[in-house]
Amino acid sequence: MHLVTKVGLDSLRGAALITVLTSVCSTGFCLFGYDQGVMSGVVISSFWLEQMGNPSTIMVSTITALYDVGAIFGAIFAAFTSEPLGRKRTLIFGAIILLIGTILMGSCVERIQMMIARIITGIGIGYITSVTPVYQSEITLPEHRGWQVCCQLTSMLFGLMLAYWINYGLYFQNSAVQWRFPLLFQCVFAIYVIVVTMWMPETPRWLMRHDPTPDRGILVLAHLRNLPIDHPIIVKEAKEILDAIELESKEEGSWRDLFRDNGIMGHRRFYLALGIQFMQQMTGINIVTYYAPTLFKESLGMTQEMSLFLGCWLQVWYLLASFVTWFTIDRIGRRKLLISMAIGQMIVLAIEAACVKVNNPRASIAAVFFIFAYETCFTWGWMGTVWVYPAEILPLKIRAKGAALAAAADFLGNFLVVEITPPALQNIGWKTYLIFAVFNIVIGAIVWAFYPETANQTLESIDELFHHAEKEEVQSSGASFIQWSMIPKAAEARKRARAARKVELESAAREEGGTPDSHHHSESISVQEKEKGSGQEYIEAVEKR
């Protein structure tokens with residue numbers, strides 16, 4: 001199944017190509033956010049409750065939670081299939097599964113059908129969220145990788161906000177349309193992902209690894225950068241990718257490679273990917289977002305309609321705050337955002353606990369304010385950054401498997417928090433917020449001690465960093481008891497990468513009398529000429545000129 005072509009449309013190149021690819025990946029995450037938000041309005045619809053046979057509260061929460069269960073399995077299945085299928089086909093496959101689940105939900109006539117549909121939809125979203133960060137990371141320049149992956153998370157919040165507003169708008173509709181339309185509306189996004197992705201290219205890294213020769217991968221790389229295939233920047237980047245593939249293919253890739261060093265600290269990097277996504281849920285985001293309407297209603301005495309309305313504006317603020325991360329994630333870096341916002345979340349949750357404990361009108365108003373403040377900290381530090389990090393830190397050999405299992409860890413944490421929060425709030429009340437405040441300070445300390453910076457570096461240079469550090473790590477393993485020795489080394493590597501990239505772009509601009517993007521007017525070597533030899537031979541020939 002070639003899905004039109006693995007190199008994409010020849011007429012779509014450079015910024016336009018990356019924009020369309022980013023829109024596809026972002027729409028995938030929009031589906032993720034929309035489906036998380038849509039059930040908040042569906043489960044309170046009297047028409048849905050009647051159609052489901054008036055289920056108990058426990059059954060309603062079970063039906064809702066089956067989505068996360070499906071997502072866990074979807075992410076695990078993606079770990080087995082996304083490397084042989086490729087990024088492009090995995091994304092299409094996940095969108096098709098989600099489309100089937102969405103149609104089953106929207107046409108549901110009884111409870112069992114809804115439960116099965118929730119699982120199927122979750123499997124589809126598990127595939128989509130596992131592959132889209134990898135897809136985006138592998139087609140993007142290092143200095144743009146962070147904010148472009150953040151586009152996906154902003155789209156997720158847009159989907160969440162859209163679901164809230166659609167639910168609110170249909171709250172006054174006295175028919176089954178009140179819940180069927182919001183569920184079926186997801187089909188629009190799924191169809192967009194399927195249709196547009198068919199015309200997009202596979203990633204250069206996947207093509208170079210799986211094709212007999214790296215020719216098509218080099219061609220896609222040239223299309224993405226909008227440069228001739230013999231341009232020094234393309235030659236250099238292609239060589240880095242091929243060198244990384246050679247480095248990582250010394251042993252045949254397998255599931256056991258997730259737990260092996262392989263000369264590049266592969267197992268440690270896999271544990272970092274799992275940990276960062278599981279810790280995202282331990283920050284307590286779901287205790288705030290899932291139960292905010294309840295707090296609005298109980299603490300402030302609002303009506304159900306007004307609680308839903310304020311919940312809609314909470315999602316609007318969530319979305320607006322996420323745009324800040326577009327500008328900070330690459331400039332400030334992953335580590336500083338994760339650590340500083342974990343501290344911020346700890347402070348906000350501690351104050352939130354005090355406000356809920358006091359429980360008077362002024363404290364209740366303050367409690368609402370701090371819900372907005374918490375979502376601000378979360379989206380600046382732990383929303384986009386967490387989905388960027390696994391695709392960056394994982395070696396190419398295990399990137400697809402590792403990112404998929406990291407996504408599964410995220411859904412597992414989501415499921416655990418959603419399940420334990422209601423009884424915790426019922427039994428220990430305001431102390432629940434203190435528990436998550438403690439989690440945040442512990443998580444911030446873990447990131448400080450064990451998580452290296454990955455911003456502004458090519459995915460291949462990160463492999464090189466861990467490869468060169470292998471012997472040094474053995475010699476200095478006892479030198480730093482508190483902080484991993486890779487932390488300062490990664491920070492230095494980032495500084496060097498930023499400086500080198502700046503010099504490279506300035507040099508190219510001086511030589512060509514313009515910016516690198518102006519090269520789209522240059523004449524490139526024909527594909528037929530390039531295909532006379534292997535990609536490696538082609539690179540060597542260019543280097544000899």
Side-chain angles (χ1 to χ4, degrees), residues 25 29 129 132-134 136-138 140-154 156 265 268-283 285 321-345 376-395 399 402-403 406-407 409-410 440-466 469 483-498 501:
C25 294
F29 263 78
T129 54
T132 46
V134 176
Q136 185 78 62
S137 295
E138 291 189 352
T140 304
L141 284 168
E143 61 267 28
H144 298 156
R145 192 167 57 232
W147 79 264
Q148 286 184 355
V149 174
C150 280
C151 288
Q152 299 178 29
L153 280 302
T154 296
M156 188 196 80
M265 301 185 186
R268 296 192 189 185
R269 294 158 71 181
F270 172 57
Y271 301 148
L272 292 176
L274 283 181
I276 198 69
Q277 295 224 227
F278 184 79
M279 288 190 298
Q280 183 196 50
Q281 297 303 320
M282 296 301 106
T283 61
I285 181 60
S322 72
F323 286 104
V324 175
T325 317
W326 291 29
F327 302 97
T328 58
I329 190 167
D330 288 316
R331 290 175 174 83
I332 297 176
R334 312 340 179 199
R335 275 175 54 82
K336 289 181 181 178
L337 288 175
L338 289 168
I339 295 168
S340 61
M341 292 302 107
I343 295 171
Q345 288 161 186
T376 304
C377 291
F378 181 82
T379 193
W380 287 354
W382 284 83
M383 175 60 76
T385 309
V386 167
W387 288 95
V388 171
Y389 198 87
E392 292 181 326
I393 199 66
L394 288 165
R399 187 170 296 144
D410 193 285
N440 271 280
I441 199 64
V442 171
I443 287 168
I446 291 172
V447 172
W448 176 85
F450 298 110
Y451 281 79
E453 183 59 73
T454 56
N456 305 112
Q457 301 179 61
T458 66
L459 301 180
E460 291 70 42
S461 67
I462 294 172
D463 269 355
E464 283 295 314
L465 176 68
F466 283 93
Q483 191 178 58
W484 190 19
S485 61
M486 284 302 301
I487 304 298
K489 291 172 185 173
E492 286 300 318
R494 184 199 179 198
K495 290 179 182 178
R496 291 194 299 269
R498 295 179 74 177
R501 183 65 180 169

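Because only heavy atoms are used, hydrogens play no part in the values below, and waters and symmetry mates are left out as well, while side chains stay in. The model shown is predicted, which means the values in this text are computed figures rather than measured ones.
Residues that satisfy the ring pair (Phe, Tyr, Trp, His ring centres under 6.0 Å) test with Phe278, not counting sequence neighbours, are absent from this structure. Among residues two or more places apart in sequence or in another chain, the ring pair (Phe, Tyr, Trp, His ring centres under 6.0 Å) test is passed with Phe270 by Phe259. In this structure Trp326 satisfies the side-chain hydrogen bond (donor to acceptor under 3.5 Å, both in side chains) test together with Thr154, sequence neighbours excluded. Every side-chain contact (heavy atoms from CB on, under 4.5 Å) that Ala497 has, sequence neighbours left out, goes to Gln457. Thr328 is linked by a side-chain contact (heavy atoms from CB on, under 4.5 Å) to Val324, Thr325, Ile332, Leu337, counting only residues two or more places apart in sequence or in another chain. Remark: Ala273 pairs with Pro390, Ile393, Leu394, Ala406 by the side-chain contact (heavy atoms from CB on, under 4.5 Å) rule, at least two apart or across chains. For Glu138, the salt bridge (charged side-chain N to carboxylate O under 4.0 Å, His left out) partners two or more places apart in sequence, or in a different chain, are Arg87, Arg399. Considering only residues two or more places apart in sequence or on other chains, Gln280 meets the side-chain hydrogen bond (donor to acceptor under 3.5 Å, both in side chains) condition with none of them. Residues satisfying the ring pair (Phe, Tyr, Trp, His ring centres under 6.0 Å) criterion with Trp387, sequence neighbours excluded, are Phe29. Residues satisfying the side-chain contact (heavy atoms from CB on, under 4.5 Å) criterion with Arg498, sequence neighbours excluded, are Asn456, Arg494.
The shortest non-hydrogen separation linking Tyr451 to Ile276 is OH-N, 3.1 Å. In terms of heavy-atom proximity, Phe466 sits nearest to Pro452 at CZ-CG, 4.1 Å. When all heavy atoms are compared, the tightest approach of Met341 to Trp382 is CB-CD1, 4.2 Å. Minimum interatomic distance between Thr379 and Ala321 (heavy atoms only, all atoms of both residues): CG2-CB, 3.5 Å.
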Handout entry: Candidate pair Glu492 and Lys495, rule salt bridge (charged side-chain N to carboxylate O under 4.0 Å, His left out), full reasoning
Key = CA-CA 5 Å; Glu492 286 300 318; Lys495 290 179 182 178; 3.8 Å; yes
Practice task
Go through the steps for Met486 and Leu465 under the test side-chain contact (heavy atoms from CB on, under 4.5 Å), then give the verdict.
Solution key: CA-CA 9 Å; Met486 284 302 301; Leu465 176 68; 3.6 Å; yes
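Here the side chains of Arg269 and Pro395 are in contact, with some heavy-atom distance below 4.5 Å. The closest side-chain heavy-atom distance from Leu338 to Val386 is below 4.5 Å. Looking only at side-chain heavy atoms (C-beta outward), Trp484 and Leu272 come within less than 4.5 Å of each other. Using a 4.5 Å heavy-atom threshold, the side chains of Arg268 and Phe450 count as separate. Residues Ser137 and Tyr389 are not in side-chain contact: their nearest non-hydrogen atoms beyond the backbone lie 4.5 Å or more apart.
Screening residues 334-345 for side chain to side chain donor-acceptor pair (under 3.5 Å) gives Asp330-Arg334, Arg334-Glu392, Gln345-Asn440 as the qualifying pairs, with residues at least two apart or on separate chains. Screening residues 441-456 for salt bridge (Lys or Arg N to Asp or Glu O under 4.0 Å) gives no qualifying pairs among residues at least two apart or on separate chains.
Remark: Leu274 CG to Asp410 CG distance equals 11.0 Å, nearest 0.5 Å. Taking CE of Met383 as the reference point, atom OG1 of Thr385 lies at 10.0 Å (rounded to 0.5 Å). Rounding to the nearest 0.5 Å gives a distance of 10.5 Å between CD1 of Ile441 and CD1 of Ile339.
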